[in-house]
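A quick write-up on the structure given underneath.
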Amino acid sequence: MPKPTPLSGFPELLPEQRFVEQQVIDTLRRTFELHGFAGIETRAVEPMDQLLAKGETSKEVYVLRRLQAESESADSGMGLHFDLTVPFARYVLEHAGKLEFPFRRYQIQKAWRGERPQEGRYREFTQADIDVVMKDELPFHFDVEVARVMAEALSGLPLPPLRLRVNNRKLIEGFYRGIGAADPAGVITIIDKLDKLPVDQVRSQLAADAGLDPGQVDQCLRLADISSTDTSFVDRVRALGVHHELLDTGLDELAAVIDGCASVRNDRFEVEASLSLARGLDYYTGTVFEIYMVGYEFLKSVGGGGRYDALASDGKNTYPGVGISFGISRTLVPLMSRGLLTTDRKVPSVVLVALIDEESRAASDEIATALRAHGVPCEVAASAQKFGKQIRYAERRGIPYVWFTNADGGHEVKDIRSGDQVAADPSTWTPPTDDLRPTVVATATTEEQHL
RNA sequence: GUGGGUAUAGCUCAGCUGGUAGAGCGCCGCCUUGUGGUGGCGGAUGUCGCGGGUUCGAGUCCCGUUACUCACCCCA
């Protein structure tokens with residue numbers, strides 16, 4: 001087999017990188033469960049009509065086809081899911097009879113998109129998602145809760161500081177209606193481009209595509225210019241002198257989310273009301289979230305979500321929900337490829353049991369067994385090389401301890417970082433807690449975290 | 001899907017107007033016959049992405065192709 005070339009957009013991690021990812025997943029999971037969110041996994045595929053019905057129509061969906069299908073063009077009518085929210089909505093409808101509402105669930109899974117890959121944007125990627133879904137009506141306080149839970153979960157990760165930007169669809173839609181815009185949804189789509197296009201282009205699109213007069217355009221841009229980390233945005237919006245019932249509701253809701261997040265805010269997690277935030281997906285009906293990684297704004301949002309009142313509906317029953325998702329691959333892969341996030345060892349082993357010669361392998365195995373019996377991960381040297389080589393084997397992998405047996409049968413364990421070598425009993429010796437598991441080293445935040 | 005860039009050792013890269021391939025790091029051995037890291041000495045490694053063309057001669061020029069990468073689109 002010729003040497004395979006990497007597949008663009010399908011990143012694969014080295015063992016030490018996978019360890020980091022696993023630790024991140026474990027941390028998120030622990031926090032989600034701490035808040036009573038139950039884990040589920042949905043199948044990788046959904047019927048195409050499910051995938052295309054919701055959200056954007058231009059989503060690049062990978063379609064499944066049997067190799068032996070009668071005609072080359074005949075697909076199975078199934079596609080890989082491109083996010084976790086749409087499959088979740090389907091899941092809720094399908095299992096509604098067996099679920100307890102409000103249903104709090106987390107889901108950490110892969111998703112696929114056929115987009116052309118770029119840094120931070122992959123064709124196969126892992127997302128962590130939390131949502132709360134209710135039957136008929138979902139109380140607003142859940143909007144605050146999902147933000148708080150995600151904030152708490154993310155604060156525990158070895159990442160650069162994060163910024164949660166929040167807005168409210170009712171607020172901006174009410175505002176646009178209040179100034180007399182004929183097509184509020186169209187305005188939202190154009191305003192969403194503010195962080196990418198120059199203001200002048202947005203201005204002309206608002207005039208040309210959304211049919212706004214210059215006064216209305218100015219009002220829209222003034223609104224989009226408002227942001228604050230406290231509820232002071234409310235007065236600034238009111239100062240624009242626009243009145244609409246929906247606007248009032250939106251202001252109240254957004255203020256409630258900002259207030260509600262006050263306790264989770266810290267120097268590594270910022271929460272900000274940002275009235276330019278719109279989000280492209282059209283199924284959001286109220287609160288909208290986006291998460292950014294400070295210093296990595298070029299990655300665009302590394303998380304997002306919001307309130308969707310009608311995504312899950314079978315015609316008879318409607319299950320409104322609110323959720324927020326976080327891009328694990330999107331954040332981790334760029335950090336790891338820059339060498340800013342790694343581990344202090346490439347393998348789980350904390351001890352390498354040295355091997356004197358092949359005849360004594362059984363003796364070394366016994367030592368390893370004794371260590372493992374009380375939870376010390378270890379491995380026996382692959383071959384009976386000179387001890388210098390065996391130590392180097394451990395050093396290469398970052399294994400901090402090497403276990404030696406004396407000629408007289410006594411045991412000694414050497415910390416190869418310090419060179420200290422002391423007598424030890426394999427049935428009781430245990431390393432300091434910090435050494436027991438590999439440590440995630442995050443240069444980005446210049447701190448080490450024991451997850 | 002549209003447009004640009006790139007492809008040389010395990011990694012990062014150099015290689016001029018064409019003359020049959022180099023550095024640093026890493027790796028291996030020895031100094032060091034059973035305890036590594038520093039130091040010294042020595043050593044190995046490439047179908048120069050792939051296919052074709054021009055040429056006496058192509059890593060270098062031309063065409064094609066594939067992959068990677070960046071921007072657009074879209075978004076985690």
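Chain identifiers are assigned alphabetically (A, B, ...) following the order of the sequence lines, protein sequences preceding nucleic acid strands; residue numbering begins at 1 within each chain.
At a cut-off of 3.5 angstrom, the base of C70(B) holds no donor-acceptor pair with the side chain of R121(A). Checked by distance alone, E119(A) brings no side-chain donor or acceptor within 3.5 Å of a matching partner on the base of U69(B).
Under 4.0 Å is where a charged nitrogen must lie from a carboxylate oxygen, and between R104(A) and E145(A) at least one such pair does. Between E33(A) and R29(A) there is a salt bridge, with a side-chain nitrogen of the basic residue lying less than 4.0 Å from a carboxylate oxygen of the acidic one. Under a 4.0 Å N-O distance rule, the pair R90(A)/E46(A) qualifies as a salt bridge. Between K170(A) and E253(A) there is a salt bridge, since a side-chain N of the basic residue sits under 4.0 Å from a carboxylate O of the acidic one. Salt-bridge formation is not detected for the pair R307(A)/D131(A): no Lys NZ or Arg NE/NH1/NH2 atom is positioned less than 4.0 Å from an Asp or Glu carboxylate oxygen.
Going from atom CZ of F298(A) over to atom P of A76(B) covers 17 Å, rounded to whole Å. With rounding to whole Å, R397(A) atom CZ is found 16 Å from G37(B) atom C1'. Atom pair Y106(A):OH and A76(B):P shows a separation of 22 Å (rounding to whole Å applied). Between the P atom of A76(B) and the CD1 atom of I25(A) lies a distance of 18 Å, rounded to the nearest Å. If you take CD1 of I190(A) and P of C74(B), they are 12 Å apart, rounded to a whole angstrom. Between the OH atom of Y292(A) and the P atom of A76(B) there is a distance of 9 Å, rounded to whole Å. Taking atom CD on Q390(A) and atom P on G36(B), their separation rounds to 12 Å, with Å as the unit. For the pair D83(A) CG and C74(B) P, the computed distance is 17 Å after rounding to whole Å.
A close approach under 4.0 Å does occur between a side-chain nitrogen or oxygen of Q118(A) and OP1 or OP2 of A71(B). Under 4.0 angstrom from either OP1 or OP2 of U33(B) there lies at least one side-chain N or O belonging to K386(A). The side chain of R123(A) places no N or O atom within less than 4.0 Å of a non-bridging phosphate oxygen (OP1 or OP2) of C74(B). Between R396(A) and C27(B), a side-chain N or O to OP1/OP2 separation shorter than 4.0 Å is present. OP1 or OP2 of A67(B) has not a single side-chain nitrogen or oxygen of R116(A) nearer than 4.0 Å.
Looking at Q421(A) and E412(A), their side chains do bring a donor and an acceptor atom within 3.5 Å of each other. Using a 3.5 Å distance cut-off with no hydrogens or angles, the side chains of R165(A) and S276(A) do pair a donor with an acceptor.
When the P atom is compared between C25(B) and G40(B), the two are found 10 Å apart, to the nearest whole Å. When the P atom is used for both C50(B) and A21(B), the distance is 16 Å, rounded to whole Å. Distance noted for atom C1' between A9(B) and G3(B): 33 Å (whole Å). Nucleotides C48(B) and A7(B) have their P atoms positioned 15 Å apart, rounded to a whole Å. On the C1' atoms, U8(B) is 9 Å away from C13(B), given to the nearest whole Å. Distance noted for atom P between U38(B) and C28(B): 12 Å (whole Å). Between U69(B) and U54(B), the two C1' atoms lie 30 Å apart (nearest whole Å). Comparing the same atom, P, in G1(B) and in A76(B) gives a spacing of 22 Å after rounding to whole Å.
Using a 4.0 Å heavy-atom distance criterion, I291(A) is classed as making no nucleic acid contact. The residue Y122(A) sits close to a base: some heavy atom pair falls under 4.0 Å. Using a 4.0 Å heavy-atom cutoff across all strands shown, G419(A) reaches at least one base atom of the nucleic acid. Residue K414(A) is classed as a base contact, given a heavy-atom separation below 4.0 Å to a base. Among the heavy atoms of the strands lying under 4.0 Å from R417(A) is at least one base atom, whether or not backbone atoms are also near.
Centre separation under 5.5 Å together with a plane angle under 30° does not hold for the ring of F387(A) and the six-membered base ring of G36(B), so they are not marked as stacked.
Ring centers of Y401(A) and W429(A): under 6.0 Å apart, within the cut-off. Aromatic rings of F404(A) and F387(A) (six-membered ring for Trp) have centroids within the 6.0 Å cut-off, being under it.
Relative orientation of the Y91(A) and F88(A) rings is parallel, given thresholds of 30° and 60° on the angle between their planes. Aromatic ring orientation, W403(A) versus H411(A): tilted (interplanar angle from 30° to 60°).
Within a heavy-atom distance below 4.0 Å of RNA chain B, the residues of residues 320-333 of chain A found are S325(A), G327(A), R330(A).
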Could you list, one pair per line, each protein nitrogen or oxygen that sits under 3.5 Å from a nitrogen or oxygen of nucleotides 42-45 of chain B, together with the distance?
none

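Side-chain proximity of K389(A) to A76(B), U35(B), G29(B): nearest is G29(B).
Between G9(A) and F404(A), the residue whose closest nucleotide on RNA chain B is further toward the 5' end is F404(A). Nearer to the 5' terminus of RNA chain B, by closest-nucleotide assignment, is the contact made by G114(A) (compared with the other of L299(A) and G114(A)).
Taking the ring centre of F37(A) as origin, the terminal cationic atom of R105(A) falls outside the region bounded by 6.0 Å and 45° from the ring axis. Cation-pi check for R397(A) over Y393(A) is met; the charged atom lies under 6.0 angstrom from the ring centroid and within 45 degrees of its normal.
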Problem - Intra- and inter-strand pairs of RNA chain B in dot-bracket (Watson-Crick or G-U wobble, both distances under 3.5 Å; | for another strand) - result: (((((((..((((.....[..)))).(((((.......))))).....(((((..]....))))))))))))....

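Applying the 6.0 Å contact sphere to CD of E358(A) captures more than 12 heavy atoms from other residues, nucleotides or ligands.
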Practice task
Determine, stepwise, if the pair R148(A) / D143(A) fulfils salt bridge (charged side-chain N to carboxylate O under 4.0 Å, His left out).
Solution key: CA-CA 9 Å; R148(A) 292 174 57 143; D143(A) 290 40; over 6 Å; no

